[in-house]
Amino acid sequence: MLKVRHLIEPTDFTIKELEDLFSLADLIIKNPKKYSRICDGKILVTLFYEPSTRTRFSFEAAMMRLGGNILGFSDPNSSSTAKGENILDTIRIVSGYADIAVMRHPIEGGPKAASLYSKIPVINAGDGGHQHPTQTLTDLYTIRSKFGRLDNLKIGICGDLKYGRTTHSLVKAMSRYENNSFVFISPEELKMPKYICDGLDRQREGQYKEYRTIEEAIGEVDILYMTRVQRERFADLDEYERVKDSCILTVDKMKLAPEHMIVLHPLPRVNEIHPDVDEDKRACYFEQAENGMYVRMSLLMHLLDLTGDFYNGKVFAVNDHMTSVIEMDTCKNPKCITNHEPALRQRFNSFGDGTKVCDYCGAVL
Ligand code: CP
């Protein structure tokens, strides 16, 4: 067995490991020169099957600032994907060329599937409307730097909660900390998916509530996490036109917010935050994007085992698709990778109440 860990879900690291990761990011910001050769000879491969500015560039900048090298593609049509190669073969090949891989894929569970066939760490850089764990690391790091803690916070999450992978990951990650609660703000059509709400209900009753407008929620939250309504996720573009401007943050609405509140956004934005809000000292989204590079530097160092204690002697199995979670059931989510890659075996996780959840896309069976 090889020594390899992946980051596929925002909860793949323990709270202690996350704190170590954030502490190293603090040190990197204070003394970047100290880390500028630490990835000498290492190669990061970026496999982006969907467009990106922040995630891809910040990963590439992170590796370059650590003294390593990069290769990859930002358009799958420039790779053998255009000839019909699947992601399972692609990752098998590039894991012989590089030391660590970052994958963004439009199909839910794509990076998870790739990780099962990889000899090197795979980082999920966003899989369809499912999860975006490295954005969440960025979000948590920014919240920690602003509040000095990650617990006892009320988080308003606004916009496209149905398809917004950053919102799903943020809820999963922040609900692990003591006494956090959530306010979901969206039109009915873009509500938080049931599997996320069920997960919160399983943890603690009354951990979230739902509003339709920013005005109803903004006075009671510590963090307002805005998101874009994602045109590219809609099968019906008339529906997109109907809902796209449902929730817009303006200077007038900011007058209803507490002084200590911060506004975050994974970006890119379209028009859900009026540009005049950028001048408000509570608008932290550009700082949040910059933090992403330092957090990803720390993440690369951890997954490449360059911090001394992250693996801690533990050995993690490669190709653990041979384990006992395999089921004969089929995932019903048409956007799940198992319905696009016939070679994949189905995997489900069971909960105490009998619920079975697809290990790739999180859909309830
Ligand atoms: N936040 C985020 O994922 O941005 P990009 O799509 O530009 O990578």
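Just follow the structure's listing: the first ligand is 1, and inside any ligand the first atom is 1. What you see is a predicted model, and the numbers here were worked out from it, not measured in a lab. As a basis for the values below, the full set of heavy atoms in this structure was taken, side chains included, without hydrogen atoms, waters or symmetry mates.
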N or O contacts of ligand 1 with protein under 3.5 Å, please list pair by pair.
residue, atom, partner, partner atom, Å
ligand 1, 1 (N), Gln135, OE1, 3.0
ligand 1, 1 (N), Pro266, O, 2.8
ligand 1, 1 (N), Leu267, O, 3.0
ligand 1, 3 (O), Thr55, OG1, 3.0
ligand 1, 3 (O), Arg104, NH2, 3.0
ligand 1, 3 (O), His132, NE2, 2.8
ligand 1, 4 (O), Arg54, NE, 3.0
ligand 1, 4 (O), Leu267, O, 3.3
ligand 1, 6 (O), Arg104, NH1, 2.9
ligand 1, 7 (O), Thr53, N, 2.8
ligand 1, 7 (O), Arg54, N, 2.9
ligand 1, 7 (O), Arg54, NE, 3.2
ligand 1, 7 (O), Arg54, NH2, 3.0
ligand 1, 8 (O), Ser52, OG, 2.6
ligand 1, 8 (O), Thr55, N, 2.9
ligand 1, 8 (O), Thr55, OG1, 2.7
ligand 1, 8 (O), Arg104, NH1, 3.4
ligand 1, 8 (O), Arg104, NH2, 3.3

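Phe48 does not carry Arg104 over the face of its six-membered ring by the limits of under 6.0 Å from the centre and within 45° of the normal.
Within the 3.5 Å criterion, the main-chain N or O of Leu153 finds a donor-acceptor partner in the side chain of Asn180. A side-chain donor-acceptor contact under 3.5 Å links Glu272 to the backbone of Val270.
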Q: Please test Glu50 against Arg165 for salt bridge (charged side-chain N to carboxylate O under 4.0 Å, His left out), starting from the C-alpha separation and ending with a verdict.
A: CA-CA 14 Å; Glu50 270 192 342; Arg165 58 195 176 197; 3.1 Å; yes
Q) Checking side-chain contact (heavy atoms from CB on, under 4.5 Å) for the pair Glu189/Glu239: CA distance, chi angles, key distance, verdict? A) CA-CA 9 Å; Glu189 296 89 333; Glu239 185 179 346; 3.4 Å; yes
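Lys162 has no carboxylate O lying under 4.0 Å from a charged side-chain N of Glu188, or vice versa, which leaves the two without a salt bridge.
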